[in-house]
Novice: 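I have a structure I would like to understand better, so I am pasting it below and will then ask my questions one at a time.
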Amino acid sequence: MDFGRVLSEATPLLIQGLGITVVISLISIAIGMVIGFVSCMCSLSKSRVLRAIAGVYIWIIRGTPMIVQAFIIYFGLPQVIQQLISPNFRMDAFTAGVITLSLNGGAYISEIFRAAISAVPKGQVEAARSLGLSSMRTTMKIVLPQAFKIAIPSLVNQFIITVKDTSILSVIGLADVVNKAKVYVGSSYQFFATYILVAVCYLAFISVLMLISKYVEKKFNYDRKGNN
């Protein structure tokens, strides 16, 4: 174990990989939020078709390992598209990774939003409707702002899970921090020191996310007390 050697040789590679990890995490979290919100709205819809679509999506994502989802999207989906639409279609690891993380995170975020919306007191909804607000305006003005505040702690946990799940995507060749570490270890055999450094990279990024989330949570709590 030569920590000095690893620090000098592997750091540039790991920083490159960490950049990919950060970018794909942020993109996937943003897209996953949109997918999760839409899926949540569908699951709460009066339409049986929309509820069924959301239910099947959440059931499939939550019931299968993410590594299998990554293989299907990276290896399986291009094969289907090549046979049905374009023989020259290709998908790079980054795109497949974004799709995988977004769909995976979206299913869990959907359930987080659904639980948060259900936690909003029904009395407030009834009061808003009695004042003449439409169902849509009641949802947008009364329910969703409160539900978002309720959901913040769970959303932060899901964001952290998404960041850590990027490590799984190294199996499809994504050049993230884990992939870069594997490349370096393959030539140096410095397993312990290299993966300790990888752990430090993840800890640093996730710690920043946690600090930001605590600030946001405190701000929402302060605003809520001020309104009260």
Side-chain angles (χ1 to χ4, degrees), residues 23-87 89-120 122 125 134-140 142-174 176:
V23 171
I24 197 172
S25 297
L26 296 179
I27 294 174
S28 300
I29 287 170
I31 297 175
M33 284 282 287
V34 175
I35 293 174
F37 179 76
V38 173
S39 174
C40 175
M41 292 296 99
C42 289
S43 66
L44 297 175
S45 170
K46 295 180 181 180
S47 170
R48 291 184 178 179
V49 175
L50 292 179
R51 292 201 306 270
I53 292 173
V56 170
Y57 159 62
I58 293 170
W59 171 62
I60 291 174
I61 295 297
R62 297 181 69 183
T64 57
M66 201 186 81
I67 190 171
V68 175
Q69 298 164 17
F71 283 149
I72 291 173
I73 292 170
Y74 184 63
F75 296 109
L77 185 59
Q79 186 177 47
V80 172
I81 294 176
Q82 287 167 4
Q83 293 181 358
L84 299 179
I85 302 175
S86 173
F89 179 80
R90 296 290 185 274
M91 182 181 296
D92 58 77
F94 186 89
T95 302
V98 168
I99 295 172
T100 303
L101 287 173
S102 299
L103 290 176
N104 189 274
Y108 291 95
I109 290 172
S110 175
E111 290 296 278
I112 290 171
F113 279 144
R114 186 181 62 80
I117 289 173
S118 300
V120 176
K122 293 183 179 179
V125 176
S134 65
S135 177
M136 178 63 71
R137 285 182 64 83
T138 299
T139 300
M140 297 301 295
I142 305 298
V143 177
L144 291 183
Q146 295 185 68
F148 182 72
K149 292 176 183 179
I150 294 170
I152 286 177
S154 298
L155 287 175
V156 170
N157 288 335
Q158 182 57 45
F159 294 165
I160 291 172
I161 290 171
T162 298
V163 172
K164 291 191 289 186
D165 281 348
T166 59
S167 61
I168 296 175
L169 300 177
S170 63
V171 299
I172 61 172
L174 180 71
D176 69 328

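Values below: every heavy atom of this structure, side chains too, minus hydrogens, waters and symmetry copies.
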Novice: On a heavy-atom basis, which atom in Leu144 and which in Ile117 lie closest, and how many Å separate them?
Specialist: CD2-CD1, 4.0 Å
Novice: So how far is it from Ile72 CD1 to Met66 CE, rounded to the nearest 0.5 Å?
Specialist: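 With rounding to 0.5 Å, CD1 (Ile72) is 12.5 Å from CE (Met66).
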Novice: Going through the checks in order, is the side-chain contact (heavy atoms from CB on, under 4.5 Å) test met by Ile27 and Phe94?
Specialist: CA-CA 11 Å; Ile27 294 174; Phe94 186 89; 4.0 Å; yes
Novice: Which pairs count as side chain to side chain donor-acceptor pair (under 3.5 Å) when at least one residue sits in residues 54-81, sequence neighbours excluded?
Specialist: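 Every pair satisfying side chain to side chain donor-acceptor pair (under 3.5 Å) with a residue in residues 54-81: Arg62-Glu111, Thr64-Gln69, Gln69-Asn104.
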Novice: Name the atoms and distances for all side-chain donor-acceptor pairs under 3.5 Å in residues 41-50, with sequence neighbours left out.
Specialist:
unit_1 : atom_1 : unit_2 : atom_2 : d
Ser43  : OG     : Ser39  : O      : 3.4
Ser43  : OG     : Cys40  : O      : 2.6
Ser45  : OG     : Ser47  : N      : 3.0
Ser47  : OG     : Val49  : N      : 3.4
Ser47  : OG     : Leu50  : N      : 3.3

Novice: For Ala70 versus Leu169, what's the shortest heavy-atom pair and its separation?
Specialist: CB-CD2, 4.1 Å
Novice: Side chains of Ile172 and Phe75: closer than 4.5 Å at any heavy-atom pair?
Specialist: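 In contact.
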Novice: Could you point out which residue of Ile29, Val34, Ile35 forms a side chain to side chain contact (heavy atoms under 4.5 Å, CB included) with Ile31?
Specialist: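 The single option meeting the side chain to side chain contact (heavy atoms under 4.5 Å, CB included) with Ile31 is Ile35.
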Novice: Has Thr162 got a side-chain atom pairing as donor or acceptor with Gln158's backbone, closer than 3.5 angstrom?
Specialist: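 Yes, Thr162 side chain to Gln158 backbone: donor-acceptor pair under 3.5 Å.
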Novice: Nearest 0.5 Å, please: how far is CD1 in Ile112 from CG in Asn157?
Specialist: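 Spacing of CG (Asn157) from CD1 (Ile112) equals 7.5 Å.
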Novice: Mind checking the CG-CZ spacing from Leu77 to Phe71? Nearest 0.5 Å is all I need.
Specialist: 15.0 Å
Novice: Less than 4.5 Å apart, any side-chain heavy atom of Leu101 and any of Asp165?
Specialist: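 They are in contact (side-chain heavy atoms under 4.5 Å apart), so the answer is yes.
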Novice: Nearest 0.5 Å, please: how far is OG1 in Thr100 from CD1 in Ile168?
Specialist: 10.0 Å
Novice: State the CG-CD1 distance between Leu155 and Ile150, to the nearest 0.5 angstrom.
Specialist: 11.5 Å
Novice: Looking at Ser86 and Gln82, would you say the former's side chain and the latter's main chain have a donor-acceptor pair under 3.5 Å?
Specialist: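 It does not hold such a pair.
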Novice: Find out whether Phe113 and Val38 are in side-chain contact, i.e. whether some heavy atom of one side chain is under 4.5 Å from a heavy atom of the other.
Specialist: no
Novice: Are any of the side-chain heavy atoms of Met33 and Phe159 separated by less than 4.5 Å?
Specialist: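 Side chain of Met33 against side chain of Phe159, heavy atoms only: contact under 4.5 Å found.
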Novice: Answer yes or no: is there a side-chain heavy-atom contact under 4.5 Å between Ile24 and Asp176?
Specialist: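 They are not in contact (no side-chain heavy atoms under 4.5 Å apart), so the answer is no.
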Novice: Has the side chain of Ser167 got a donor or acceptor atom that lies under 3.5 Å from a matching backbone atom of Lys164?
Specialist: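 Checking the backbone N and O of Lys164 against the side chain of Ser167, a donor-acceptor pair under 3.5 Å is found.
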Novice: Within the side chain of Ser28, is there an N or O that forms a donor-acceptor pair under 3.5 Å with the backbone of Ser25?
Specialist: no
Novice: Report the distance from atom CD1 of Ile109 to atom CD1 of Ile58, rounding to the nearest 0.5 Å.
Specialist: 11.5 Å
